[in-house]
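Computed from heavy atoms alone, side chains included, the values below leave out hydrogens, waters and symmetry copies.
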Amino acid sequence: MKRDFIPLLLVPGIIIAALPLVGSSESWATLTLAGLAMGLMIFVMASGLTLTFGLMDVLNFGHGAFIAIGAFVTASVMAGLAPWLKADSLWLNLAAIGPAMLAAMAVSGGLGLAFERAIVRPVYGQHLKQILVTTGGLIVAEQLIKVVWGPDQITLARPTALRGAFLLGEIAIEKYRIFAVVIGLAVFAALSVTLNRTRIGLLIRAGVENGEMVEALGYRIRRLFVGVFAVGSALAGLGGAMWGIYQETVTATIGAQVAVLVFIVIIIGGLGSVGGCFIGALLVGLTANYVGFLAPKVALGSNILLMAIILLWRPQGLYPVARR
Amino acid sequence: MSAPILSLRGVETRIGRYHILHGVEFDVPEGGLTMLLGRNGAGKTTTLRTIMGLWRASAGEIRFAGRDITRMSTPEIAMLGIAYVPESMAIFADLTVRENLVLAARQGPPERKRLEWIFARFSALERFWHLPAGHLSGGQKQMLAVARAIVEPRRLLLVDEPTKGLAPAIVANMIEAFRELKDGATSLLVVEQNFAFARRLGNGVAVMDDGRVAHTGDMAQFAADDALQQHLLGLGMDAHQ
Amino acid sequence: MLRTLLSDDLPRSRWLAAALLAIVIGLALAPFLFPGAKSLNVAAKICVFVVLAASFDLLLGYSGIVSFAHTMFFGIGAYGVAIALTRLGSGWDAVAMGTVAGLASAIALAAVIGLFSLRLRTIFFAMITLAVASAFAILASQLSDVTGGEDGLNFRLPAILRASMSFADTPLFGVRLNGRLLDYYLVYIVSLVLVLVLLRIVNSPFGSVLKAMRENPFRAEAIGYRAVVYRTAASCIAAAFAALAGALMALWSSQTNPDTVLSFDIMIDILLMVVIGGMGTVYGAAIGAVLLVISQNYLQDLLLVANKAFAGVPLLPDLFHPDRWLLWLGIAFILCVYFFPTGIVGRLRSD
């Protein structure tokens with residue numbers, strides 16, 4: 001499976017194929033960057049979900065709640081640090097946005113632990129109940145967000161240094177998209193190093209393949225799962241923070257909306273595969289932006305079409321994880 | 001005979017609505033190599049999985065080194081020093097040979113001397129050290145599964161059909177490896193269909209039939225008693241390969 | 001007679017029988033017992049949602065399948081009638097054409113989704129339906145030439161169903177005998193018939209096969225591809241009933257927009273109805289639908305009382321804010337899944 005490069009070619013393939021369709025190379029470059037930024041933000045949100053599924057066969061339909069909470073926590077922290085955000089200094093801006101994102105991760109991760117214990121643990125192995133209960137968790141979480149932050153949408157001011165675009169020749173490059181790409185790639189790199197170079201990562205990969213055998217070697221896979229669930233929730237919070245700043249507004253339903261894209265991505269990638277999730281996220285982000293430009297009315301339908309095509313080609317997703 | 005390292009008393013196991021084990025009783029002596037024989041479907045694999053805690057015994061008692069492990073979780077049982085090689089091998093296909101063994105060595109990186117000992121018997125593992133285990137041949141996967149169980153010294157090894165589909169030369173290496181382990185401090189319980197292999201290897205025997213242990217005793221004695229073999233193992237087994 | 005009507009599936013509990021009887025009679029007499037436009041609207045919504053929830057239960061309760069696309073089929077039925085009435089004028093032929101078109105599209109779409117993804121696992125099917133349904137909702141609000149976009153469609157009903165149509169000069173027990181009243185009884189009777197048909201389906205050999213497959217996945221696997229065929233059939237039937245419920249909704253409200261017939265909120269409502277009422281019984285869906293529609297419309301008043309009582313205490317007034325009724329139903333939903341998986345009907349029957 002490690003030697004399967006065909007899916008890797010899809011991303012450059014779709015980028016190249018879009019050039020003649022879009023026509024102008026300036027728009028194409030802008031759209032490509034926008035697609036990569038969107039894809040990487042979705043990847044950040046989706047990576048934990050696909051791993052928790054691979055490890056314990058648990059799919060959290062309430063994952064969107066952590067995305068939303070991340071966005072709201074960031075909004076609150078940024079509101080508190082507003083003077084730094086408005087300052088005309090990149091460093092002060094980062095000093096505000098950094099803690100905001102870390103706070104989003106901490107709160108989402110902490111809530112993830114509670115969610116795992118209260119909502120998910122009692123229904124391990126029962127898929128029907130799992131879907132129902134985690135959906136119920138999403139309902140309650142959305143309502144609690146409205147209790148804490150009020151029912152109306154909150155606006156979120158982007159820091160000065162990340163506003164606007166700079167020109168590279170004729171091509172306008174939006175600064176925040178670069179920021180999102182950098183963070184997304186950093187998360188991908190950190191996950192890759194963890195999964196491939198550390199003992200915990202080995203355990204996770206082995207557990208995704210065969211949890212029973214990992215237990216027979218003397219490791220407690222539940223403990224591992226709780227950790228992965230918390231990290232996945234924290235990443236969802238980070239992704240929600242990035243998405244919220246990108247949209248510049250947050251509403252309680254932001255999580256449920258983005259969660260649909262997240263689900264499409266992990267289906268495309270192959271449930272349980274981080275690499276597949278990465279490629280799937282980029283494909284979804286790019287397709288959404290190209291199609292959004294070419295035929296705006298069917299932009300979200302295009303993702304469904306993309307999913308259908310990929311499932312016809314590989315029914316288990318791009319990188320099917322062994323045994324599942 | 002020394003005190004048994006593993007003893008099963010009245011062990012019952014149900015899987016879903018099926019009652020598979022009906023009061024299994026036998027001992028594995030410390031430092032012994034016991035073969036668990038029986039027809040297909042007699043309950044051998046279920047017995048190993050129950051010892052390992054992968055199925056829960058609904059009644060009876062399993063003791064290991066004087067401790068009751070019947071209700072312990074699989075990781076706890078493994079930590080007491082029991083290693084398991086399942087019939088399906090269950091190697092991690094996505095991980096390299098090295099990574100498979102690194103995971104199996106709980107106390108840090110695998111010891112060089114131990115690895116050399118393993119490589120001497122299963123040279124393919126050294127050759128494909130950095131290859132994903134999924135790319136190994138069936139026999140090489142079997143070697144890896146065994147190597148994973150012995151990469152660190154363990155007190156008891158549970159092995160399910162190690163010779164299935166192996167070339168004779170590798171079988172010989174496998175026998176040698178098991179013997180040397182036994183001469184060290186490791187006891188073994190090996191499920192086997194191939195009686196020729198079983199009689200060369202084991203010094204004790206327990207024969208299962210329909211979820212119970214029908215016979216226990218000395219291998220030499222059992223190997224000499226054709227009528228008993230015929231009765232317990234049936235004609236389906238190639239007793240004189 | 002009654003036994004035949006209920007397909008031998010009797011309530012088996014005195015309280016349940018009493019509750020069902022109260023619902024059937026209460027709804028039959030609703031225009032007279034609870035006069036006023038709001039309560040008639042609530043009564044009609046209850047009728048439609050009983051059908052919608054009961055058809056969803058064919059999937060969730062009887063087949064053990066979670067679909068997040070049930071609202072989509074509801075919307076297809078509603079938009080079918082709405083588009084036909086908008087384009088073809090307000091005749092019964094348009095109603096018929098719209099209903100048939102909606103039914104056919106719903107069944108075809110359900111068949112495609114089913115054959116495509118029902119051979120996969122429960123979780124997979126749930127995710128796929130969620131994705132398809134949300135794409136459909138967005139598509140419907142984008143294609144404004146056909147669907148009227150976010151604003152939806154407002155259309156005129158056949159003349160005989162309009163409030164301006166009067167059948168008698170003198171009111172009966174203070175209720176005006178007009179087209180609106182006729183419309184209500186149309187909704188009521190069609191809903192009642194649809195629920196009885198659903199009862200027949202779930203108690204047929206087909207229903208037993210579905211239940212057997214839910215109970216024993218190994219058996220489902222043993223019958224192989226036929227399991228997919230059975231489940232796809234269940235999915236198509238459920239979609240058909242949802243589309244009919246949607247058509248009724250359009251015929252009642254004379255307007256259709258994404259919020260009222262396609263939004264994910266309705267999907268949540270249906271889930272709450274079936275789980276709280278009791279999965280795997282048509283009666284549970286009925287009880288759940290009544291309970292939910294009533295609490296949607298009247299729980300707010302109750303919460304307002306609590307809200308006022310806690311005024312001044314931090315946080316509590318917000319938790320009991322009238323708009324937070326879904327919070328409390330959500331908690332009830334989770335508790336139901338854990339502690340009363342058979343819902344209200346299961347509790348009533350076990351006493």
Fill in: Polar side chain donor-acceptor pair, C:E150 to C:N257, under 3.5 angstrom
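There is no such pair between these side chains.
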Worksheet entry | Which of A:M307, A:Q126, A:K146 touches chain C most, by non-hydrogen pairs under 4.5 Å |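 Heavy-atom pair counts peak at A:K146.
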Worksheet entry | Contact winner vs chain C - A:A256, A:P315, A:P151, A:A308, heavy-atom pairs under 4.5 Å |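 Top count of heavy-atom pairs under 4.5 Å with chain C: A:A308.
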Practice prompt. With side-chain contact (heavy atoms from CB on, under 4.5 Å) as the test, would you mind laying out the steps for C:M273 and C:V293 before giving the verdict?
Written response: CA-CA 9 Å; C:M273 288 172 192; C:V293 177; 4.2 Å; yes
When [options] are compared by non-hydrogen pairs under 4.5 Å with chain A, the top option:
{"options": "C:V275, C:I128, C:L329", "answer": "C:I128"}
{"options": "C:F68, C:F264, C:F124, C:Y338", "answer": "C:Y338"}
{"options": "C:L130, C:L327, C:L272", "answer": "C:L327"}
{"options": "C:L326, C:L319, C:L139", "answer": "C:L326"}

Fill in: Atom CZ of A:R121 with >12 non-hydrogen neighbours under 6.0 angstrom
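Yes, because the 6.0 Å sphere around CZ of A:R121 holds more than 12 heavy atoms from other groups.
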Practice prompt. Apply the test side-chain hydrogen bond (donor to acceptor under 3.5 Å, both in side chains) to residues C:S55 and C:H70: give CA-CA distance (whole Å), side-chain angles for both, the deciding distance (0.1 Å), then the verdict.
Written response: CA-CA 9 Å; C:S55 58; C:H70 209 58; 2.9 Å; yes
Worksheet entry | Side chain, backbone, both or neither of C:I268 within contact of chain A (heavy atoms, under 4.5 Å) |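 Only the side chain of C:I268 comes within 4.5 Å of chain A.
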Worksheet item: So what's closer than 4.5 Å to chain A heavy atoms on C:M279: side chain, backbone, both or neither?
Response: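 Side chain only.
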Fill in: Derivation of the side-chain hydrogen bond (donor to acceptor under 3.5 Å, both in side chains) call for C:S295 and C:W328
CA-CA 10 Å; C:S295 37; C:W328 298 102; over 6 Å; no
In terms of heavy-atom proximity below 4.5 Å to chain C, should [X] be classed as side chain, backbone, both, or neither?
{"X": "A:L132", "answer": "both"}
{"X": "A:A141", "answer": "neither"}
{"X": "A:Q130", "answer": "side chain"}
{"X": "A:I266", "answer": "side chain"}

Discussion item. Using modelled atom types and a 3.5 Å cut-off, is there a donor and acceptor pairing between side-chain atoms of C:T147 and backbone atoms of C:A140?
Written reply: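 At least one qualifying donor-acceptor pair exists.
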Worksheet item: Do the side chain of C:R214 and the main chain of C:G61 share a donor and acceptor less than 3.5 angstrom apart?
Response: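 The answer is yes, because a donor-acceptor pair under 3.5 Å joins these two groups.
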Worksheet item: Mind checking whether A:F225 and A:Y124 have ring centres under 6.0 Å apart?
Response: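 Yes; A:Y124 has its ring centre under 6.0 Å from that of A:F225.
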